[in-house]
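Below you'll find the structure, written out as C-alpha cells, and then a few comments.
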Amino acid sequence: MTLIDPDKQLPEASARIAKRAVAFKTDAIMVGGSTGITQEKLDKTIECIKGVTDLPVIYFPSGANAIAQRCDAIYFMSMLNSLNVKNVTGEQSKGALTIRKLGLETISMGYVIVEPGMKVGEVGEAEVVPRDNIPMAVGYALTAEMFGMDLLYLESGSGAPEPVPSDMIRAVRESVRIPLIIGGGITSSEHAATVLRAGGDIVVTGTLVENGGLESQLEHVVDTVHSI
Ligand code: 1GP
C-alpha cells in the first residue's frame, strides 16, 4: 500500500503520486499523516486521488479533528502502546458518531509503535517497543487479536532508518492469525522482501514516494511484494 500524507504536498501533487503508484500496481492508497491534517486538506486530497484511481483509498487518521468524507474505508485504530488514553480510545470515541453518520466502512486495527517510533511515536506519546523486546511486541499483538481487531500494524515510524526487525515480525506472526501490516523505513525491494519473508502480509511505503523513490524504487518494491 502506498501512503500519501496530505500535509506534504498539494492535493493535485498527491493525485500525481497516486497515479504513478497505481501504474506500478500498488494495491491500495492510504492517506494520512501525524501532523498538520485539516479537514479541507484531507477532503481535497482524497477527492483528487479518487479522480485518478478506482483502487481503495483508506484513511489512516491521526485523530478526530479531521475525518475523511469520501474515503472507501477508515482504519478504526488504537495506538495500543500510547501512554495517553486519548490515542487508545479517546479520539476514537470523539469520532465514532461522525464515522457512523457518514456510513464509512471501518477496519479495526491495533497500532503498535516500535523503536525508534519517529514523529508518530513522539506525538502519540508511545512507550515504544524496544527493537529487542520481542515478548512485548507479542503481548501487544495478542492484545489486538484478543480484542477482536481485524489487523495489526507494526510501525517503526515514518522515515525510520530501518524497518521493524525480522525476528520481531517472525515471533508476532507465529503468535497471531490476524493480518500483519509492516510500515516505517521500508525504502527498497530488499526491505520489502525481508519483512514479508519474516511474516508480514502488507507493506506500507510513504517516504519512498515523497523523496524521489517513486520512479526509481516503487515499481521494484511492488513487484517484489507480488512475487513473494
Ligand atoms: C508511516 O509506516 C508508514 O506511518 C510509512 O513509513 O514513510 O518510512 O515509508 P515510511
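Both ligands and their constituent atoms are indexed starting at 1 by order of listing. What you see is a predicted model; the values in this text were computed from it and never measured. These values consider heavy atoms only, across backbone and side chains, with no hydrogens, waters or symmetry-generated copies.
For the pair Ile182 and Val204, the minimum side-chain heavy-atom distance is 4.5 Å or more. Annotation: side chain of Leu151 is in contact with side chain of Tyr75 (closest heavy-atom distance under 4.5 Å).
With atom 6 (O) of ligand 1 as the reference point, the heavy atom nearest to it among Gly184, Ser34, Gly32, Ser156 is part of Gly184.
Counting only residues at least two apart or in different chains, side-chain hydrogen bond (donor to acceptor under 3.5 Å, both in side chains) contacts with residues 137-166 comprise Ser108-Asp150, Tyr111-Glu155, Ser158-Thr207. Contacts classified as side-chain hydrogen bond (donor to acceptor under 3.5 Å, both in side chains) and involving residues 87-105 (residues at least two apart or in different chains) are given here: Ser82-Asn87.
Atoms of ligand 1 found under 4.0 Å from any heavy atom of Phe60, numbered from 1 in the order shown, are 4 (O). Of all the atoms in ligand 1, the ones that sit under 4.0 Å from a non-hydrogen atom of Gly185 are 8 (O), 10 (P). Of all atoms in ligand 1, listed by their number and element, those nearer than 4.0 Å to a heavy atom of Thr205 are 9 (O). Those atoms of ligand 1 with a heavy atom of Gly206 less than 4.0 angstrom away are 5 (C), 7 (O), 9 (O), 10 (P). Against a heavy-atom cut-off of under 4.0 Å, Gly159 is close to the following atoms of ligand 1: 7 (O), 8 (O), 10 (P).
Looking at ligand 1, you won't find any N or O of Leu208 less than 3.5 Å from one of its N or O atoms. For ligand 1, the polar-atom distance check against Glu155 finds a nitrogen or oxygen pair separated by under 3.5 Å.
Closest protein heavy atom to atom 3 (C) of ligand 1: Tyr153 OH, 3.4 Å.
Between the side chain of Glu219 and the backbone N or O of Phe24, no donor-acceptor pair lies under 3.5 Å. Although no hydrogens or angles enter the test, the distance criterion places a donor-acceptor pair under 3.5 Å between the side chain of Ser78 and the main chain of Val88.
Exactly one residue among Val112, Val164, Leu154 makes a side chain to side chain contact (heavy atoms under 4.5 Å, CB included) with Val129. That residue is Val112.
Under 4.0 Å from ligand 1, the heavy atoms of Leu3 that appear belong solely to its side chain.
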